[in-house]
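Everything below concerns the one structure shown next.
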Amino acid sequence: MNVNRRDLLLGGPAAFFGINFAEILAAQAQTQTPVDNDVVNFWVRSMGVPANTVIGGERTRGRQPSGPSTSDFGREPLFLHHDPQQGKLITTDQIAPDKLLTATDTEVTFQLVRMRLNQDDDAKFRSYSSGGIYIDLQQGATQTQTASSTSMGQDLGNMATSLFSAIFPSTKTGKSAAGKAAKSGASGAKKAEGGQPQANPAAVKAAGTVSVPLQQAKQAQSISLPGGTGRTSFACFAKDKRKTLFGQFVDVFGQLAASPMLSYLPMLSLPAVGISTLNAVRSLVANLQAHGENQQWILMSPPLDVTTTQSGAQSNPDALRLPAGNYIVIPKENSDAMKAVSMDNVKLLDGFLVPKDATALDVYDAYQSTAPGVSYITISVGVQPSKKAGAGGRAGGK
């Protein structure tokens, strides 16, 4: 049987290259390479990565509180769902439990569609020249397990899927465009009644023009959720790849991809792994992000409980409710900018937030001026009863 080396590394377990990476980490640890302590704290204390597997991780032990630091709270995600029946965006806590499936077990498919950054985040992203996106979804709404507490039996009984990709600015004009937009906004602002300045329409349009296409539909991740419950984790960051392990890692996978460097480069797509392997992947991402400092959060989330069934919502009312459909994920610090948009009059189309009356012909122009102050990632989620659940597991019992 022939095995394609590129497919093996892009889709295979981290164990295939873990030995070489461990050697690199050991060498870097001996040279006292600087690391970002906030990043280390997030992965060790919030994500449950064993401290001894992350450079600088041992320093995070002690009496420090768990969870991300207060300064990172604004970068935690807020999930919004586009309800096609109501024709508007709603927060996930507004999703009625009867919109979820009645099935006991479900099959979930999720695809990262697009990332759109506001002017400030885009300027940061371009200054770092690259970044990474990590997302996982695991079975069972349970506490994160560390490698030391995970047995082979738990691995077989509690599976997960994870994805780690590199992202790059889609054009080379963002910095200059942002600067020109700011100057245009200052010089072209008009005074409204009461002396308040009004934004120049051209500047507002330019402020939200940057987008990065993410996964193709064929790259979507899938997992079965027994009981319709699970946990998801999310991390998206900008990172300077020069003279860092992240840069070396990206360069290797860029060569394996054997294609011109685009805005999205999938590096590790693991469709079915045990918890111990999931921790190994998280450790890998933690080291890549922390090494050499020079990083900036775009979005970051400790594990969140999710549910796709009515019984799951009843047993865990605080879980993130996930009916099939389209979602937008924004940093919490963009909430005010989002509130400035009438969520009754917007929708998601082709992965973009656009006015409710926009058509496919309007998307390119419409998304640029819709919620320009909001950075977001759009996600498409598919949910259906697992085959063993039978035909009775539909939303609302239908």
Side-chain angles (χ1 to χ4, degrees), residues 77-84 86-91 110-126 131 133 165 167-182 184-185 188 198-217 219-220 234 236 238 262-264 298-299 325-381:
L78 179 63
F79 288 79
L80 303 173
H81 172 57
H82 181 255
D83 189 316
Q86 298 185 57
K88 65 178 183 178
L89 283 179
I90 58 175
T91 54
F110 63 92
Q111 175 194 354
L112 302 174
V113 183
R114 295 187 188 274
M115 180 177 76
R116 207 287 299 269
L117 299 178
N118 63 25
Q119 184 176 352
D120 289 342
D121 286 344
D122 175 59
K124 294 175 183 176
F125 184 36
R126 293 183 185 283
I133 291 182
S165 303
I167 51 177
F168 309 92
S170 54
T171 69
K172 297 181 180 179
T173 59
K175 260 187 172 179
S176 60
K180 290 178 180 178
S184 175
Q198 289 181 319
N200 184 309
V204 171
K205 183 175 181 179
T209 59
V210 178
S211 68
V212 177
L214 300 177
Q215 283 182 293
Q216 300 176 15
Q219 298 171 320
F234 196 94
C236 181
L262 302 176
S263 58
Y264 178 78
I298 295 175
L299 281 166
N326 296 315
Y327 294 80
I328 177 174
V329 188
I330 71 172
K332 288 180 178 177
E333 68 181 42
N334 286 174
S335 296
D336 281 346
M338 194 69 223
K339 286 192 294 185
V341 180
S342 175
M343 294 203 296
D344 291 348
N345 294 317
V346 292
K347 64 181 180 181
L348 291 173
L349 183 61
D350 193 22
F352 291 113
L353 192 63
V354 297
K356 193 173 184 178
D357 58 355
T359 68
L361 296 176
D362 304 317
V363 172
Y364 180 76
D365 291 317
Y367 90 86
Q368 301 179 40
S369 56
T370 305
V374 180
S375 293
Y376 61 79
I377 291 175
T378 48
I379 301 176
S380 175
V381 176

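Everything quoted here is computed from the prediction, not taken from an experiment.
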Counting only N and O atoms by type, is there a donor-acceptor contact under 3.5 Å from the side chain of [X] to the main-chain atoms of [Y]?
X      : Y      : answer
Ser375 : Asn118 : yes
Arg116 : Val374 : yes
Asp362 : Thr359 : yes
Tyr376 : Leu353 : yes
His81  : Leu89  : no
Lys88  : Ser342 : no
Gln111 : Ser380 : no

Between [X] and [Y], what is the shortest heavy-atom contact and its length?
X      : Y      : answer
Thr370 : Ala366 : OG1-O, 2.6 Å
Gln215 : Phe110 : OE1-O, 4.2 Å
Phe125 : Phe168 : CZ-C, 3.6 Å

Nearest 0.5 Å, what's the [atom1]-[atom2] distance between [X] and [Y]?
X      : Y      : atom1 : atom2 : result
Thr378 : Leu80  : OG1   : CG    : 12.0 Å
Met115 : Tyr264 : CE    : OH    : 11.5 Å
Thr91  : Met343 : OG1   : CE    : 6.5 Å
Leu78  : Lys332 : CG    : NZ    : 7.0 Å

Pair Cys236-Val329, side-chain contact (heavy atoms from CB on, under 4.5 Å): steps then yes or no: CA-CA 11 Å; Cys236 181; Val329 188; over 6 Å; no
With Ile377, which of Ile328, Val113, Leu214 fulfils side-chain contact (heavy atoms from CB on, under 4.5 Å)?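 By the side-chain contact (heavy atoms from CB on, under 4.5 Å) criterion, Ile377 pairs with just one of Ile328, Val113, Leu214: Leu214.
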So does Asp344 pair up with Lys356, basic N to acidic O under 4.0 Å?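 Not counted as a salt bridge, because no side-chain N and carboxylate O are separated by less than 4.0 Å.
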For a salt bridge (charged side-chain N to carboxylate O under 4.0 Å, His left out) check, start with the C-alpha distance between Arg126 and Asp122, then their side-chain angles and the critical distance, and finish with the verdict. CA-CA 6 Å; Arg126 293 183 185 283; Asp122 175 59; 2.9 Å; yes
